[in-house]
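The block underneath contains the structure these notes are about, expressed in structure tokens.
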Amino acid sequence: MAAKRNILITGGAGFIGSHVVRLFVNNYPDYRIVNLDKLTYAGNLENLKDVESAPNYTFIRADICDYERMIAVFREYEIDGVIHLAAESHVDRSIKEPFTFARTNVMGTLSLLQAAKECWAGDYEGKLFYHISTDEVYGALDFNEELFTEQTKYAPHSPYSASKASSDHFVRAYHDTYGVPTIVTNCSNNYGPYQFPEKLIPLFINNIRKGRPLPVYGKGENVRDWLYVEDHARAIDTIFHKGKVAETYNIGGFNEWRNIDLVKVLVRTVDRQLGNEEGYSLPLITYVSDRLGHDARYAIDSSKLKSELGWEPSLQFEEGIEKTVRWYLENEAWLDNITSGAYERYYEEQYSNR
Ligand code: NAD
Ligand code: DAU
């Protein structure tokens, strides 16, 4: 069998992972796509209804920290490519429960790396361990500073970014020490369908439709660089197939927004799509206490990815927000199911004995 055809995608039931799974299942019918996910509060198989019966798709419920299980999965499915997305991903949660983040993001990544090393046993031809990381490992920029490049020194601030930085270092260590073929990418803030409604954009869309307050942290002046999730999935596809082993690539949209400006665009878009007067929901904006250690600004320079591999974002932000708002308003049942916790109960019953 040709190389890199049996692909383990971890965290495929989450937000970005579900878009990556869908793209690979649809675009590569001759690959075997193994989606391995623990189904934490953030994992939701509803995100993958449209591909769940595809012949090249398999789902396994497992914890990446379970090393023996990872070995068994590598052996059973003859895994030769890994796209590792499974993680605890929400900064606010990491401030409240840092141990969970160290366990999954650091120890879980280490467990997968060790399984790859053991099972590939020095035969690295046609193998790849591709680790998906974040721009937050670079720390925070001033408002007038340059962008993050691949040369920016790591300076994580939150427990989340510290755990991701640590996992990135382990990935590189497995390349430098044992020769495991690895790639790391660091991406900016994603938005789009299927994002858990604890993150800014889906949380605020949900709150606007319910007429609830929109809690803007601090003065709302923090800046984030937003990328449509399908553009990230396309970048992952490009890098998985054409990226150079041992390289790092930054992924971003050159699309910086102050939180408060973004929230106002969001309010106007939701109001318009709901048939309300534009700006009707602006009074819902409520300034609340700032996030602890809130990073001022993230902004990614992704020119290396464009010049070396030809990837660039395809969607303008206005169009992306329009599409995103429409998706959440048309999929209210998905939102209601998650916010009521009904989906978690369902999967506990379905998978509790496996
Ligand atoms: P998410 O929280 O939506 O999904 C994470 C998935 O991982 C869930 O399906 C969850 O069930 C699974 N998971 C968690 N712990 C697990 C474990 N121990 N074993 C197996 N599965 C487990 O996250 P996301 O926003 O889709 O992010 C995916 C990846 O991309 C993460 O590594 C994150 O750090 C990175 N990233 C996210 C963004 C963003 O804006 N969301 C930006 C850059 C990088
Ligand atoms: O930069 C990439 C990172 O982007 C990813 O690695 C993370 O997994 C992802 O969660 C995201 O992190 P952020 O902390 O930037 O995303 P979040 O949606 O939580 O917040 C975006 C901004 O909005 C941030 O400045 C905090 C602010 N915010 C967030 C929430 C949830 C608010 O003002 N109010 C809120 O209620």
Side-chain angles (χ1 to χ4, degrees), residues 14-19 41-42 44 46-47 85 87 89-94 134-136 158 160 187-218 220-233 251-274 276 278-282 284-288 290-291 294-295 297-300 313-339:
F15 165 49
I16 302 171
S18 62
H19 289 274
Y41 80 94
N44 182 358
E46 285 291 315
N47 300 357
L85 296 114
S89 68
H90 191 41
V91 174
D92 291 327
R93 285 181 190 254
S94 81
T134 170
D135 60 359
E136 299 199 14
S158 71
Y160 164 69
C187 187
S188 63
N189 286 62
N190 286 218
Y191 71 100
Y194 302 111
Q195 187 168 30
F196 195 87
E198 63 187 351
K199 308 281 166 56
L200 180 76
I201 290 181
L203 174 73
F204 278 33
I205 295 172
N206 193 37
N207 284 7
I208 298 165
R209 85 182 171 103
K210 300 249 178 191
R212 293 182 187 148
L214 307 176
V216 173
Y217 298 162
E221 288 170 350
N222 303 64
V223 170
R224 295 292 180 266
D225 176 0
W226 294 93
L227 179 69
Y228 192 67
V229 63
E230 287 179 3
D231 275 331
H232 188 189
I251 310 173
F254 292 106
N255 178 42
E256 293 181 50
W257 284 81
R258 286 196 322 161
N259 289 341
I260 188 62
D261 299 329
L262 169 57
V263 167
K264 287 180 181 164
V265 169
L266 212 50
V267 167
R268 292 203 182 90
T269 310
V270 178
D271 280 343
R272 184 166 22 77
Q273 290 196 18
L274 284 177
N276 292 327
E278 256 186 49
Y280 166 84
S281 302
L282 284 173
L284 295 175
I285 293 175
T286 310
Y287 292 92
V288 300
D290 211 349
R291 173 184 277 176
H294 197 172
D295 285 335
R297 172 175 167 247
Y298 306 138
I300 274 280
S314 69
L315 208 63
Q316 291 298 311
F317 189 60
E318 291 66 23
E319 198 186 340
I321 283 291
E322 206 57 51
K323 267 178 88 157
T324 300
V325 168
R326 192 169 311 113
W327 187 86
Y328 285 98
L329 295 182
E330 284 174 358
N331 289 276
E332 293 191 318
W334 182 91
L335 269 173
D336 289 337
N337 215 2
I338 281 191
T339 46

Using a 6.0 Å cut-off, check whether atom CD of Glu278 has over 12 heavy atoms from anything other than its own residue.
yes

Side chains of Ser281 and Asp271 only: does a donor on one sit below 3.5 Å from an acceptor on the other?
yes

For the residue pair Asp295 / Tyr298, report whether a side-chain donor-acceptor contact shorter than 3.5 Å exists.
yes

To the nearest 0.5 Å, atom OG of Ser314 lies from atom CG of Asp231 at 3.5 Å

Please lay out, stage by stage, how Leu315 and Glu230 fare under the test side-chain contact (heavy atoms from CB on, under 4.5 Å).
CA-CA 9 Å; Leu315 208 63; Glu230 287 179 3; over 6 Å; no

My understanding is that only residues two or more places apart in sequence, or in another chain, count here; which of them pass ring-ring contact (aromatic ring centres under 6.0 Å, His included) with Tyr160?
none

Give a yes or no on whether the backbone of Asn255 and the side-chain of Asp225 come within a donor-acceptor separation of less than 3.5 Å.
yes

In short, Thr324 meets Gly192 closest at the heavy-atom pair OG1-CA, 3.6 Å

Side chains of Ile260 and Tyr287, heavy atoms from C-beta outward: is any pair under 4.5 Å?
yes

Kindly write out the residues that satisfy side chain to side chain donor-acceptor pair (under 3.5 Å) with Trp226, not counting sequence neighbours, or none if the list is empty.
none

Listed by chain and number, what are the side chain to side chain donor-acceptor pair (under 3.5 Å) partners of Arg212, not counting sequence neighbours?
none

Can any side-chain N or O of Tyr217 pair as donor or acceptor with the backbone N or O of Asn259 at less than 3.5 Å?
no

For side-chain contact (heavy atoms from CB on, under 4.5 Å), just list the numbers for Glu136 and Val91, CA-CA rounded to whole Å, side-chain angles, deciding distance to a tenth of an Å, and then say yes or no.
CA-CA 10 Å; Glu136 299 199 14; Val91 174; 3.4 Å; yes

Distance in Å, Ile285 CD1 paired with Lys264 NZ, rounded so as to fall on 0.5 Å steps:
6.0 Å

Flag, side chain of His19 to backbone of Pro193, donor-acceptor distance under 3.5 Å
yes

If only atom types and distance count, is the side chain of Thr286 paired as donor or acceptor with the main-chain N or O of Leu284 below 3.5 Å?
yes

With side-chain contact (heavy atoms from CB on, under 4.5 Å) as the test, would you mind laying out the steps for Leu262 and Leu200 before giving the verdict?
CA-CA 10 Å; Leu262 169 57; Leu200 180 76; 3.9 Å; yes

With Glu256, which residues qualify under side chain to side chain donor-acceptor pair (under 3.5 Å), at least two apart?
Arg297

Please round to the nearest 0.5 Å and tell me the distance separating atom CG of Asn337 and atom CG of Asn44.
7.0 Å

Distance, nearest 0.5 Å, that separates CD1 of Ile321 from OG1 of Thr269
6.5 Å

If you take all heavy atoms of Ala42 and Phe196, which pair is closest and at what distance?
CA-CD1, 4.2 Å

Nearest 0.5 Å, please: how far is CG in Asn189 from OG1 in Thr134?
7.5 Å

side-chain contact (heavy atoms from CB on, under 4.5 Å), that's the test. Do Asn190 and Phe15 meet it? Break it down for me.
CA-CA 9 Å; Asn190 286 218; Phe15 165 49; 3.5 Å; yes

Does Phe254 have its ring centroid less than 6.0 Å away from the ring centroid of Phe317?
no

Find out whether Arg268 and Leu282 are in side-chain contact, i.e. whether some heavy atom of one side chain is under 4.5 Å from a heavy atom of the other.
yes

side-chain hydrogen bond (donor to acceptor under 3.5 Å, both in side chains) contacts touching residues 198-209 (sequence neighbours left out)
Tyr41-Glu198, Ser89-Lys199, Arg93-Glu198, Asn206-Arg209, Arg209-Glu332, Arg209-Asp336

Rounded to the nearest 0.5 Å, how far does CG of Leu214 lie from CG of Leu266?
8.5 Å

Report the C-alpha distance between Arg272 and Glu322 in whole Å, list the side-chain angles of each, state the deciding distance to 0.1 Å, and finish with yes or no for salt bridge (Lys or Arg N to Asp or Glu O under 4.0 Å).
CA-CA 10 Å; Arg272 184 166 22 77; Glu322 206 57 51; 3.0 Å; yes

Taking all atoms of both residues into account, what is the closest heavy-atom pair of Asn47 and Ser18, and its distance?
CB-CB, 3.7 Å

Residue pair Pro197 / Ile338, side-chain heavy-atom distance below 4.5 Å
yes

Scanning both residues in full, the closest heavy-atom pair of Ser188 with Gly252 reads OG-CA, 3.6 Å

Criterion side-chain contact (heavy atoms from CB on, under 4.5 Å) against Val325, the qualifying member of Ile208, Val270, Val265
Val270

In chain order, what residues pass the side chain to side chain donor-acceptor pair (under 3.5 Å) check against Arg258, with sequence neighbours excluded?
Asp261

Ring centres of Tyr228 and Tyr191 under 6.0 Å apart?
yes

